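Single-structure report; data block below.
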Amino acid sequence: MKKEINSADSLDKKTCDTVMQDLSICIDDWNRQDLDTRAAVVTLVRFSVELAFKFSHTPSDAMQLLSTIVMDNLDTYEKEELIQLLTQPSDQKATIH
């Protein structure tokens, strides 16, 4: 990501965790209300990807950042779970919890 001139403008871990918790609570609440949580998640992902490209020095830096985040999350799956996740039919992949 591009370096901030003033490091006080960057988000600390506590702030990042709070944002993640708030978003998770919102999506869980939308799910309880039977609202379109998939559309909300897709919108958040698009927003995040656009931010990564906008505030990275190069498209390669943005792709590396996004890849690292995806790989970190995939590491939480066991090998068998990951194979099943990646090989299931595309219509089943649309479900977001």
Side-chain angles (χ1 to χ4, degrees):
M1 300 301 279
K2 293 180 182 174
K3 299 275 189 232
E4 295 289 330
I5 295 172
N6 182 355
S7 62
D9 293 336
S10 61
L11 297 177
D12 56 69
K13 181 175 179 355
K14 181 180 176 188
T15 303
C16 290
D17 289 346
T18 301
V19 169
M20 293 293 286
Q21 288 172 350
D22 290 349
L23 287 171
S24 181
I25 290 168
C26 287
I27 291 172
D28 289 345
D29 190 43
W30 295 333
N31 191 41
R32 279 190 293 279
Q33 295 178 47
D34 202 27
L35 300 175
D36 191 355
T37 55
R38 183 181 188 282
V41 171
V42 168
T43 300
L44 289 170
V45 170
R46 283 187 182 139
F47 176 74
S48 299
V49 169
E50 288 176 15
L51 282 179
F53 279 94
K54 181 177 180 179
F55 292 104
S56 293
H57 290 289
T58 66
S60 179
D61 288 346
M63 288 300 295
Q64 183 176 4
L65 171 67
L66 296 168
S67 174
T68 299
I69 294 168
V70 169
M71 292 307 295
D72 286 350
N73 282 281
L74 288 180
D75 286 346
T76 63
Y77 291 94
E78 295 294 326
K79 182 179 176 182
E80 294 78 22
E81 291 176 303
L82 188 56
I83 290 170
Q84 183 180 10
L85 176 70
L86 295 173
T87 59
Q88 65 181 313
S90 61
D91 61 332
Q92 291 178 357
K93 291 180 185 177
T95 304
I96 297 175
H97 300 283

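Please read these numbers as outputs of a predicted model, since none were measured by experiment.
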So, does Thr58 use its side chain to make a donor-acceptor pair with the main chain of Asp61 at under 3.5 Å?
yes
Output all residues satisfying side-chain contact (heavy atoms from CB on, under 4.5 Å) with Asp17, sequence neighbours left out; order by chain, then residue number.
Lys13
Assess whether atom CD of Gln33 is packed by more than 12 heavy atoms of other residues, nucleotides or ligands within 6.0 Å.
yes
Give a yes or no on whether Asp75 atom CG has more than 12 heavy-atom contacts from other residues, nucleotides or ligands under 6.0 Å away.
yes
Consider salt bridge (Lys or Arg N to Asp or Glu O under 4.0 Å). Of Asp28, Asp29, Asp34, which one does Arg32 pass it with?
Asp29
Where Thr37 and Asn31 come nearest, the two heavy atoms and their spacing
CG2-N, 3.3 Å
Contacts of type side-chain contact (heavy atoms from CB on, under 4.5 Å), residue Leu23, not counting sequence neighbours:
Val19, Leu44
Counting distance only, does the side-chain N/O of Ser67 pair as donor-acceptor with the main-chain N or O of Met63 below 3.5 Å?
no
Check whether any side-chain heavy atom of Thr15 sits under 4.5 Å from a side-chain heavy atom of Asp12, and report yes or no.
yes
Donor-acceptor pair, distance only, cut-off 3.5 Å: does the side chain of Thr76 make one with the backbone of Asn73?
yes
Once you round to the nearest 0.5 Å, how far does OG of Ser48 lie from CG of Leu65?
10.0 Å
Using side chain to side chain contact (heavy atoms under 4.5 Å, CB included) as the criterion, point out the one residue from Ile25, Val41, Leu35 that pairs with Trp30.
Leu35
If only atom types and distance count, is the side chain of Ser24 paired as donor or acceptor with the main-chain N or O of Met20 below 3.5 Å?
no
Looking only at heavy atoms, which two atoms of Leu66 and Phe53 are closest? And how far apart?
CD1-CE1, 3.8 Å
Check the surroundings of atom CD in Gln84: do more than 12 heavy atoms from other residues, nucleotides or ligands lie under 6.0 Å from it?
no
